[in-house]
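Just the heavy atoms: all of them, side chains too, but no hydrogens, waters or symmetry mates, feed the values below. For this chain, numbers begin at 1 and follow the sequence in order.
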Amino acid sequence: MSSALTDLCRYPIVQAPMAGGASCPQLAAAVAEAGGLGFLAAGYKTADGMYEEVKQLRGLTGQPFGINLFMPQPNHADRAAVDVYRNQLAGETSWYDTPLGDPETGWDDGYEAKLAILLDDPVPVVSFTFGCPTRTTLDAFARAGTFTIVTVTTPEEATAAQWAGADAICVQGIEAGGHQGTHRDDPATDGAGIGLLSLVTQIRETVQLPIVAAGGLMRGAQIAAVLAAGADAAQLGTAFLVCPESGANQHHKQAMTNPLFTRTELTRAFSGRPARGLVNRFMREHGPYAPAAYPEVHHLTSALRKAAAKIGDAQGMALWAGQGHRMARDLPAGQLVGVLASELEATRASLAAGNTL
C-alpha cells in the first residue's frame with residue numbers, strides 16, 4: 001500500500017460506507033479494531049446525526065476511520081416525469097397503507113453543514129460520492145490533517161479528482177452494490193460502466209493517486225487480484241453488510257444468500273439514480289418507468305421502503321447488493337477482516353511459489 005494508506009490500517013481492507021444504516025459505529029469499530037479501515041456513511045443523515053455517530057465511534061475505537069459524504073445534486077430533474085412516476089406508485093401506497101414522500105425535500109443532503117462539522121472537529125478520512133469537491137474544500141481538509149478520497153467510475157473522473165487535489169480515489173467498478181458513484185448522472189450511459197479490473201488498470205495508467213478498488217469483492221483472492229492490477233487497497237460493502245455488527249435490516253441480510261434472489265441489476269426504481277440491488281418485485285414492476293431524478297425519487301419512495309422493511313417484505317425493499325452477494329459469509333466483522341487478510345496472504349504466497357490462481 002501507499003505510505004498514506006499504510007498509516008491508516010494494517011491490512012489493505014476498507015469497509016465500504018453504506019448509506020441507509022448498514023455502516024453503523026459498531027461495524028466500523030469492529031473493522032478498525034481488526035486492522036481494516038472502517039467507515040461511517042453520512043448520506044441521508046442530518047449533520048447532527050452524523051456527528052453523533054462520529055462521537056459514538058470514537059468511544060468504541062481509537063483506530064483511524066472514515067466518513068463518507070454525498071455531494072450536492074443539481075436540481076435538474078424533469079418535474080413532469082417525477083409526477084408520472086408518482087402516479088405509477090399509487091398502487092404501492094395502497095398496498096403498504098403509506099403515503100409517498102415529498103420529492104422536493106432537498107438536494108444537498110446537508111453538505112455544507114457536514115463540511116463545517118468535519119473541518120471544525122476533523123476525522124482521519126473523508127470520502128465523497130456523486131461528484132468531486134472543489135479544490136478549496138479539499139485544501140481545507142488537507143490543512144485539517146484529513147485524508148480525502150473521491151469516488152470515481154471512469155478515467156476522466158479520476159483525472160478530475162487528481163486535479164482538484166484529492167489524496168486518493170475509490171475506483172468503483174460496475175459490479176458494485178448500491179449506487180454508482182458517477183459524477184454526472186447521464187441516462188444515456190446507463191449500464192455502460194466498466195468492470196473493476198479493467199477500470200483499475202486504466203486509471204492506474206492515467207493518474208498517480210493511490211487507488212482503493214471497489215466492486216463485487218468478497219474473497220481475499222479477489223483483493224489480491226485488484227492489488228496486482230494496480231490498486232493500493234480494496235473496499236468491500238456487501239461482504240460486511242451481513243455481519244452481525246452491521247445495521248442493515250435483517251431481511252436485507254438474509255436476502256443476500258436467499259435462493260429466491262438469483263441476480264442483481266442496476267435500477268433507478270428506488271432513488272432515481274442507477275444502483276445495483278437484488279431483483280425483486282418492486283424493481284421489476286417500477287424499474288422500467290423510473291426517471292433520472294435523484295434525490296427526488298429517493299424522497300418519493302422512502303416511506304414505502306420503510307413500510308416494507310417494517311413488515312418484513314423484502315419484495316418492496318431496496319436490497320442493495322454487489323454481484324458477489326451469494327458469497328456472503330455471516331461472520332463477525334473482525335473475524336471477517338482476519339479471514340480476508342489470511343486469504344490474501346495465502347494467495348500471494350501461492351503466486352510467489354509459481355502457482356496459478
Side-chain angles (χ1 to χ4, degrees), residues 1 5 8-20 22-24 26-41 64-68 125 127 129 149 151 153 168-181 195-197 199-200 210-229 231-248 252-253 256-257 264 275-278 319-347:
M1 290 193 292
L5 287 174
L8 293 169
C9 49
R10 185 161 72 251
Y11 302 121
I13 297 170
V14 180
Q15 165 247 312
M18 296 171 280
S23 296
C24 59
Q26 292 76 14
L27 177 62
V31 170
E33 287 293 305
L37 180 62
F39 255 91
L40 296 174
F65 63 90
I67 189 159
N68 176 259
V125 184
S127 68
T129 299
I149 304 174
T151 304
T153 61
I169 48 178
C170 177
V171 174
Q172 185 193 46
I174 193 70
E175 305 94 333
H179 286 95
Q180 289 287 295
L196 183 59
L197 283 176
L199 185 59
V200 167
I211 290 174
V212 178
L217 305 176
M218 303 292 288
R219 296 286 188 267
Q222 292 173 297
I223 296 174
V226 295
L227 296 183
D232 298 276
Q235 180 172 284
L236 295 79
T238 304
F240 285 106
L241 185 142
V242 300
C243 293
E245 298 91 342
S246 160
H252 190 172
K253 294 182 180 184
M256 293 299 104
T257 54
T264 65
R276 183 173 298 282
L278 299 176
L319 302 173
W320 303 140
Q323 288 184 340
H325 66 95
R326 299 300 288 271
M327 296 188 286
R329 296 179 280 200
D330 183 9
L331 296 174
Q335 183 179 344
L336 179 57
V337 171
V339 169
L340 290 167
S342 295
E343 291 173 346
L344 170 60
E345 289 310 309
T347 301

Report summary line: Heavy-atom nearest pair, Ala28 first then Leu40, reads CB-CD2, 4.3 Å

Query raised in the report: With sequence neighbours excluded, what pairs up with His325 under the ring-ring contact (aromatic ring centres under 6.0 Å, His included) test?
Result: none

Query raised in the report: Taking atom CG of Leu319 and atom OG1 of Thr238, what is their separation to the nearest 0.5 Å?
Result: 11.0 Å

Side-chain atoms of residues 211-228: list all donor-acceptor pairs with protein atoms under 3.5 Å, sequence neighbours left out, distances to 0.1 Å.
unit_1, atom_1, unit_2, atom_2, d
Arg219, NH1, Met327, O, 2.7
Arg219, NH2, Met327, O, 3.3
Gln222, OE1, Met218, N, 2.6
Gln222, OE1, Arg219, N, 2.9
Gln222, NE2, Gly216, O, 3.4

Report summary line: When rounded to the nearest 0.5 Å, the distance separating CD of Gln172 from CG of Leu199 is 9.0 Å

Report task. Under the side chain to side chain donor-acceptor pair (under 3.5 Å) rule, collect the residues that match up with His179, sequence neighbours excluded. Result -> Ser271

Report task. Quick one: list whatever passes side chain to side chain donor-acceptor pair (under 3.5 Å) with Thr129, sequence neighbours left out. Result -> Asn68, Thr151

**Report entry** Closest contact, heavy atoms only, Pro244 versus Lys253
**Finding:** O-NZ, 3.7 Å

Query raised in the report: Say you draw a straight line from CG of Leu241 to CG of Leu236; how long is it, rounded to the nearest 0.5 Å?
Result: 12.0 Å

Report summary line: Leu278 and Thr264 have their tightest heavy-atom pair at CD2-CG2, 3.8 Å

Report task. Return the minimal non-hydrogen interatomic distance between Gly35 and Cys9, and the atom names on each side. Result -> O-CB, 3.5 Å

**Report entry** 4.5 Å side-chain heavy-atom contact, Val31 and Phe39
**Finding:** no

**Report entry** Test salt bridge (Lys or Arg N to Asp or Glu O under 4.0 Å) applied to Glu343 - qualifying residues, sequence neighbours left out
**Finding:** Arg329

Query raised in the report: Can you name the residues that form a side chain to side chain donor-acceptor pair (under 3.5 Å) with Gln15, not counting sequence neighbours?
Result: Ser23

**Report entry** Within-4.5 Å side-chain heavy-atom neighbours: Cys24 and Glu245
**Finding:** no

Query - Distance-minimising heavy-atom pair for Ala34 and Arg10 - result: O-NH2, 3.1 Å

Query raised in the report: Which atom pair, heavy atoms only, marks the closest approach of Ala333 to Leu27?
Result: CB-CD1, 3.6 Å

Query raised in the report: Do side-chain atoms of Arg276 reach the backbone of Gln180 as a donor and acceptor pair under 3.5 angstrom?
Result: no

Query raised in the report: NE2/His252 to OG/Ser246 distance, rounded to the nearest 0.5 angstrom?
Result: 8.5 Å

Query raised in the report: Can any side-chain N or O of Glu175 pair as donor or acceptor with the backbone N or O of Gly324 at less than 3.5 Å?
Result: no

**Report entry** Any side-chain heavy-atom pair of Gln335 and Cys243 under 4.5 Å
**Finding:** no

Query raised in the report: How long is the span from the CG atom in Leu344 to the CG atom in Leu340, to the nearest 0.5 Å?
Result: 8.5 Å

